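All values below come from the heavy atoms of this structure, side chains included, with hydrogens, waters and symmetry mates left out. Here is the naming used below: chain letters follow the sequence lines, and residue numbers restart at 1 for every chain. Every value quoted in this text rests on a predicted model; they were computed, and no experiment measured them.
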Number of protein chains: 2
Amino acid sequence: MSEGDKPLSTTPSSAKRADARRNERALLDAAASVFVTDGVDAPVRRIAAAAGVGMGTIYRHFPTRADLVVAVYRHQVDTCAEAGPTLLATAASPFAALRQWVDLFVDFLATKHGLAAAMRNDPDGFSALHALFIERLVPALADILGAARETGEVTADITPYQLIRAIGDICAGGERVDPEYDARLTIRLLLDGCRS
Amino acid sequence: MSEGDKPLSTTPSSAKRADARRNERALLDAAASVFVTDGVDAPVRRIAAAAGVGMGTIYRHFPTRADLVVAVYRHQVDTCAEAGPTLLATAASPFAALRQWVDLFVDFLATKHGLAAAMRNDPDGFSALHALFIERLVPALADILGAARETGEVTADITPYQLIRAIGDICAGGERVDPEYDARLTIRLLLDGCRS
DNA sequence: GAATATATGGAGCGCCGTTCCGCTTGGCAA
DNA sequence: TTGCCAAGCGGAACGGCGCTCCATATATTC
């Protein structure tokens with residue numbers, strides 16, 4: 001069609017249109033609310049309806065479900081990651097800080113029905129979320145784990161990535177309410193297993 | 001319709017028709033083969049096609065997917081459960097037997113792509129499989145765990161159910177190939193955490 | 001006010017699980 | 001051997017899903 005030689009006299013596409021920004025915000029708010037009630041597996045249609053937009057709009061702003069999930073939870077993930085140094089400074093020992101930080105992470109997962117499971121079920125689709133975790137959480141845990149290893153509290157040869165994934169998997173299984181099963185107990189035992 | 005006073009001269013309905021039995025066998029074989037290649041989440045249509053039967057037939061014999069899965073794996077589950085006493089008798093110690101039995105269970109799960117995940121994702125749908133596990137595997141593990149506790153090798157206050165579920169969850173997460181992650185290492189640490 | 005890139009919405013497609021019912025067939029009685 | 005009929009069968013059909021596509025509407029610029 002076009003020869004594509006149009007000069008760029010208009011504002012370079014860096015600024016989005018006002019309605020586009022408004023819809024993106026509406027989508028984020030709606031998704032956050034729907035995720036709480038219906039879980040992160042909520043039908044795309046429902047999220048679009050809650051935001052009062054059409055299917056096309058949601059896919060334009062968030063090509064994959066993971067993009068939406070990442071956008072919604074990025075702030076909370078950051079908060080969790082940033083708590084690492086603080087805990088390390090205030091806790092009685094690095095291992096205590098490790099326990100507290102893991103608690104924080106578990107709390108985060110616990111309020112996100114199906115998040116951990118969804119990530120596991122569709123790792124490719126949620127690769128962006130996976131990347132966010134690697135990028136923010138793994139380094140935070142690495143610091144704490146390293147400190148605990150320096151004091152000799154942790155001797156097991158486990159990587160931060162392995163540990164955080166194990167915790168995620170265990171939480172994924174514990175999301176379902178079951179009085180017989182307590183994911184936190186399993187995690188406590190796992191942490192104990194990391195000691196000598 | 002009928003008044004129900006028909007005398008029972010015919011064979012009581014306990015015996016199924018020959019073609020029905022043939023189809024059930026064909027479905028079991030087809031499902032076992034499809035599960036290996038496509039995972040336990042394989043579309044129902046595909047299984048029906050592989051068995052050369054229609055949709056109605058598969059639902060007639062196995063009203064839920066879990067019924068089919070249970071039928072396919074029951075034998076392997078039994079084998080795993082029955083290995084418990086043998087291991088306990090031959091292993092160097094109850095804790096060693098525990099490790100070996102858990103290895104067996106992990107092997108079983110490892111060859112069933114998506115089994116553990118499927119059970120977690122749809123616990124209601126797979127309640128029959130869940131029941132099979134509780135019925136066969138929990139007692140087997142309980143014996144080993146009890147023996148290990150008697151010798152003082154295991155001190156943690158964990159129930160057999162909790163332990164087997166934790167292992168299942170960890171395997172569910174480790175099913176995806178990922179050179180960075182080794183589910184067996186996590187499980188080893190967890191077992192270590194069960195010791196003093 | 002006109003022009004145009006940008007953004008929108010929802011119909012439509014393909015895949016899924018599951019149901020339902022008209023047709024087929026195995027097995028028994030006569 | 002034949003006729004009968006309940007047990008068994010197949011697959012069309014339905015509703016719900018994720019995702020795409022493009023005619024239409026709108027914000028923005030000149």
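- For residues 65-74 of chain B, the side chain to side chain donor-acceptor pair (under 3.5 Å) pairs, not counting sequence neighbours, are B/Thr64-B/Asp67.
- Of the charged side-chain nitrogens involved, none lies within less than 4.0 Å of a carboxylate oxygen, so that B/Asp157 and A/Arg188 do not count as a salt-bridged pair.
- Taking 4.0 angstrom as the limit, A/Thr57 places a side-chain polar atom (N or O) nearer than this to OP1 or OP2 of C/dG9.
- Between the A/Trp101 side chain and the A/Pro85 main chain, no donor and acceptor come within less than 3.5 Å of each other.
- The interatomic distance linking B/Ile58 (CD1) with D/dG10 (P) rounds to 11 Å, in whole Å.
- Taking 4.0 angstrom as the limit, A/His61 places none of its side-chain polar atoms (N or O) nearer than this to OP1 or OP2 of C/dA7.
- Residue B/Ile47 contributes atom CD1, which lies 11 Å from atom P of C/dC16 at whole-angstrom precision.
- Where pairing requires Watson-Crick or G-U contacts shorter than 3.5 Å, the helical stems of DNA chain C with at least three consecutive pairs are C:1-30 with D:1-30.
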Inset, instruction - Test side chain to side chain contact (heavy atoms under 4.5 Å, CB included) on B/Cys171 and B/Ile187 and set out the steps. - result: CA-CA 9 Å; B/Cys171 286; B/Ile187 289 169; 3.9 Å; yes
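- Across all non-hydrogen atoms, the minimal contact from A/Ala26 to A/Ala51 is O-CB, 3.8 Å.
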Legend entry - Base-contact (B) and sugar-phosphate-only (S) positions in nucleotides 12-21 of chain D, heavy-atom cut-off under 4.0 Å, - elsewhere: -B---BBBBB
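- Across the protein-nucleic acid pair, A/Arg17 atom CZ and D/dA27 atom C1' stand 5 Å apart, rounded to whole Å.
- Atom C1' of nucleotide C/dC21 and atom CZ of B/Arg60 are separated by 11 Å, given to the nearest angstrom.
- Counting only distance, with no hydrogens or angles, the side chain of A/Gln162 and the backbone of B/Tyr181 share no donor-acceptor pair below 3.5 Å.
- Remark: B/Ala18, B/Asp19 in residues 18-34 of chain B come within less than 4.0 Å of DNA chain C through at least one heavy atom.
- Pairs engaging residues 20-32 of chain A under the salt bridge (charged side-chain N to carboxylate O under 4.0 Å, His left out) rule: A/Lys16-A/Glu24 [sequence neighbours left out].
- Between B/Asp182 and B/Arg184 there is no salt bridge, since no side-chain nitrogen of the basic residue lies less than 4.0 Å from a carboxylate oxygen of the acidic one.
- B/Val77 is not listed as a side-chain neighbour of B/Val70, based on a closest heavy-atom distance of 4.5 Å or more.
- Contact record, A/Ala81 with A/Ala140: O-CB, 3.6 Å, taken as the closest heavy-atom pair.
- Identified under the salt bridge (charged side-chain N to carboxylate O under 4.0 Å, His left out) test for residues 44-60 of chain B, with sequence neighbours left out: B/Asp38-B/Arg46.
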